[in-house]
Amino acid sequence: MHCRLTASFRYSACLAILSAATALAQHSTEAIHVDDVSHIFRIDAADTTYEFGVNEDKRLQTIYWGERLSEKDHPQPPKAAPGVASFDSTRNTTPLEFDAWGGGLYVEPNLKVTFPDGNRDLDLRYIGYSTRDGVLSVQMKDISLPVAVTLQYKVDEATGIVGRRALIKNETAKPFVAESASSATWNLPRGTNYILRYLSGRWAGEWTVNDQTVKPGKTILESRRGTTGSQNNPWFSIRKNDTTEENGDVWFGGLAWSGSWQIAIEQDAVQQVRITGGYNPFDFGYHLKAGGMLETPWFYAGHTSHGLGDASRRMHHLEMDTLVPRAPHERPRPVLYNSWEATEFKVNEAGQEALAEKAAAIGAERFVMDDGWFGMRNNDHAGLGDWTVNPQKFPNGLKPLIDKVHSLHMDFGLWVEPEMVNPDSDLYRKHPDWVLNFAGRPRTEGRNQLVLNLAREDVRQYVYSSLDKLLTENDIAFFKWDYNRNWSEPGWPAVAPDEQKNVYVDFIRNFYSILEELRKKHPNIEIESCSGGGSRVDLGVIHLTDEVWPSDNTDAFDRLRIQYGFTQAYAPGIMMAWVTDSPTWVNQRTLSLPYRFLSSMQGSLGVGANLTKFTSEELETSRKMIAEYKNLRETVQRGDLYRLISPTDGSEASVTESVSRDRQQAVLFAFLHSSTELYSYPRIFLRGLDPDRVYTLRAIEGKANSDTPTSATGSYWMHRGIDVDLRGDFQATAFVLQGASH
Ligand code: DGJ
């Protein structure tokens with residue numbers, strides 16, 4: 001029997017379902033091969049091979065993950081590693097794909113269960129596999145109890161990135177509690193020369209890149225906040241210590257989950273590095289009914305031998321071509337205007353219309369009204385939860401403003417924060433029991449608001465129908481979906497005490513289901529995931545939203561570092577970046593308007609300045625920059641990003657280059673913090689161009705040195721490079737390289 005497992009996550013079509021019982025000796029598929037004699041599973045996609053098999057103990061063991069192996073190479077079935085004396089049994093020293101807590105397991109378990117009779121031991125062994133719709137499902141079962149775990153694998157052919165998750169089924173007659181449940185463990189080749197890169201941050205300071213040597217013991221990246229959080233982002237990369245931005249091995253990945261999560265990076269007793277990720281075990285306890293199933297989130301990971309830059313580009317391709325709702329992401333992100341920094345809560349019909357006129361005149365394609373339009377929302381103390389238009393601010397509803405926006409040839413977007421409620425709101429007065437809380441205990445507020453318990457069906461229904469009503473009654477093209485605090489007191493008094501912790505999973509599943517249902521009923525809607533900035537950016541939310549807001553920090557200089565961190569894991573095409581007023585509220589730093597535009601043009605361009613205060617000269621500069629952007633946005637949003645000079649570690653320079661997929665166009669952005677001691681700006685060596693094609697250089701802003709040719713081959717630009725004329729403080733320049741058609 002021949003099963004063809006195509007590599008596309010989205011459009012895959014497996015032609016047959018296999019079972020261990022009926023399978024022939026060898027199944028070769030496009031990407032996934034199963035050898036039924038040796039019980040070896042091999043995934044070959046792009047230039048990557050991922051391989052695991054069944055060892056003599058019937059446990060699933062990683063064999064290989066890295067540069068693609070030749071088809072002539074047939075590794076032997078894996079052998080369990082010996083333990084270390086009497087202290088570390090073989091389960092602690094063998095690189096297993098997924099192991100439950102039991103026996104003497106001390107490394108991070110993938111699953112830990114408490115049964116009603118007090119037993120907490122689980123021992124999973126391989127029993128068979130099946131394939132369907134491009135997904136390989138490998139089944140394991142406990143040695144005596146009817147607890148089944150299915151490990152699922154899928155692969156993206158273009159990038160070699162593998163997606164993994166586990167399905168945990170309770171086939172016993174009674175409920176049990178899963179005290180921890182992760183999606184997968186990724187095992188690296190044994191070694192001690194690894195460097196971990198991860199992202200950390202806080203409000204207005206997200207996306208800091210951290211590098212640290214992997215040492216014996218464990219590093220935990222996590223959120224215990226009920227949401228993704230910005231303190232850590234659910235992404236990692238691990239490289240050999242001689243790897244650079246351009247060369248060398250990198251293993252990298254991200255979790256598709258917007259609730260509390262954990263990724264543990266562990267170097268074990270025999271110097272193996274394991275990366276285990278899934279639900280955060282802290283305060284976890286999923287009550288799984290008899291016959292029930294717990295799905296863990298997809299955990300995606302890949303390998304490249306072409307450095308950190310290529311690892312990022314693979315993530316970007318996965319996101320833009322496969323994960324985002326309309327993948328492949330062909331509709332360019334429109335240039336939007338957002339009213340928040342101009343008006344804050346002081347929105348009204350006349351004020352918004354005045355802004356809309358200016359926004360349209362400079363070339364915006366979407367007008368977004370931010371916070372303040374609903375209920376008694378005059379500041380952040382009241383109104384959240386009451387999703388009806390404020391009659392003082394909009395006496396005739398939203399229609400006049402929306403009509404005006406349409407007459408200016410823009411579409412209309414609206415801010416919402418659906419999972420939150422202010423105690424000072426009609427909703428809370430009516431349903432004080434709808435928020436996360438422990439009965440009789442204080443309810444901690446953040447920004448004067450509480451978190452609605454979306455795990456409750458009535459709350460889910462309320463949130464869905466409020467948003468559905470807004471979309472049905474108004475011509476709204478876009479929601480900016482905000483989320484401005486983390487959880488506290490995560491109780492769910494309406495259900496039995498032993499079911500309350502299910503909130504960690506059920507809340508997020510309902511959040512996803514609302515997004516899915518809204519998109520189904522209103523197929524043209526586009527959504528931005530915002531969480532007071534970049535606190536809800538992950539591969540799960542990206543699957544259901546069209547763009548994300550990386551940070552409330554809109555200082556164009558700070559954004560260079562923020563964008564450098566963001567693009568480690570996420571694509572410029574989903575990264576919304578506004579041009580705002582100067583000096584910025586963040587640092588009181590004054591930056592020129594071209595500098596601010598060029599900083600934002602490296603992502604999905606928006607404008608958030610108070611345009612009614614712009615001079616006619618500033619409006620004209622804005623119009624020109626937006627017109628430029630529209631000609632190059634396809635390259636910036638969907639092309640390949642090369643981070644040529646990093647703005648971190650005290651660097652005075654920051655340079656990025658985007659190259660279109662067909663290598664016909666490249667866009668170069670260069671920024672100077674401060675020139676010192678008569679030094680010239682570093683020469684810029686481009687990357688990713690077609691070496692034989694001739695590219696014409698054109699400045700968008702600033703200029704190259706006078707000895708720069710106006711056209712030269714890709715090879716010239718990559719090897720001779722460009723000298724740019726940047727001197728002073730906070731200077732910026734940008735160029736387009738347009739390739740001749742072949
Ligand atoms: C936080 C967001 O990040 C801002 O852009 C703005 O929408 C405010 N919330 C509104 O309250």
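Order of listing sets the numbers, starting from 1, for every ligand and every atom in it. Because the structure is predicted, anything quoted here is derived from the model rather than measured.
Near Trp549, with a cut-off below 4.0 Å to any heavy atom, the atoms of ligand 1 are 3 (O), 5 (O). Contact atoms of ligand 1 toward Cys530: 2 (C), 3 (O) (distance under 4.0 Å to a heavy atom of the residue).
Cation-pi geometry between Arg429 and Trp434 is not met at under 6.0 angstrom from the ring centre and within 45 degrees of the axis.
Defined by atom type and a distance below 3.5 Å, a donor-acceptor pair is present between the side-chain atoms of Tyr504 and Asp283. For the residue pair Gln568 / Ser237, no side-chain donor-acceptor distance below 3.5 Å is found, with atom types taken as modelled.
Here the side chain of Asn437 pairs a donor or acceptor atom with the backbone of Val435 at under 3.5 angstrom. Between the side chain of Trp257 and the main chain of Gly278, no donor-acceptor pair closer than 3.5 Å is present. For the pair Glu365 (side chain) and Val335 (backbone), a donor-acceptor distance under 3.5 Å is present.
Here's the thing with Asp370: one of its N/O atoms is less than 3.5 angstrom from an N/O atom of ligand 1. Residue contacts with ligand 1: Asp371 is placed with a nitrogen or oxygen under 3.5 Å of a nitrogen or oxygen of the ligand (distance criterion only). Checking only distances, Trp415 does come within under 3.5 Å of ligand 1, N or O to N or O.
In Arg447, the part holding a heavy atom less than 4.0 Å from any atom of ligand 1 is the side chain. Heavy atoms of Lys480 found under 4.0 angstrom from ligand 1 belong exclusively to the side chain. In Asn338, neither the side chain nor the backbone holds a heavy atom less than 4.0 Å from any atom of ligand 1.
At the shortest separation from atom 1 (C) of ligand 1 among protein heavy atoms lies Asp482 OD2, 3.0 Å.
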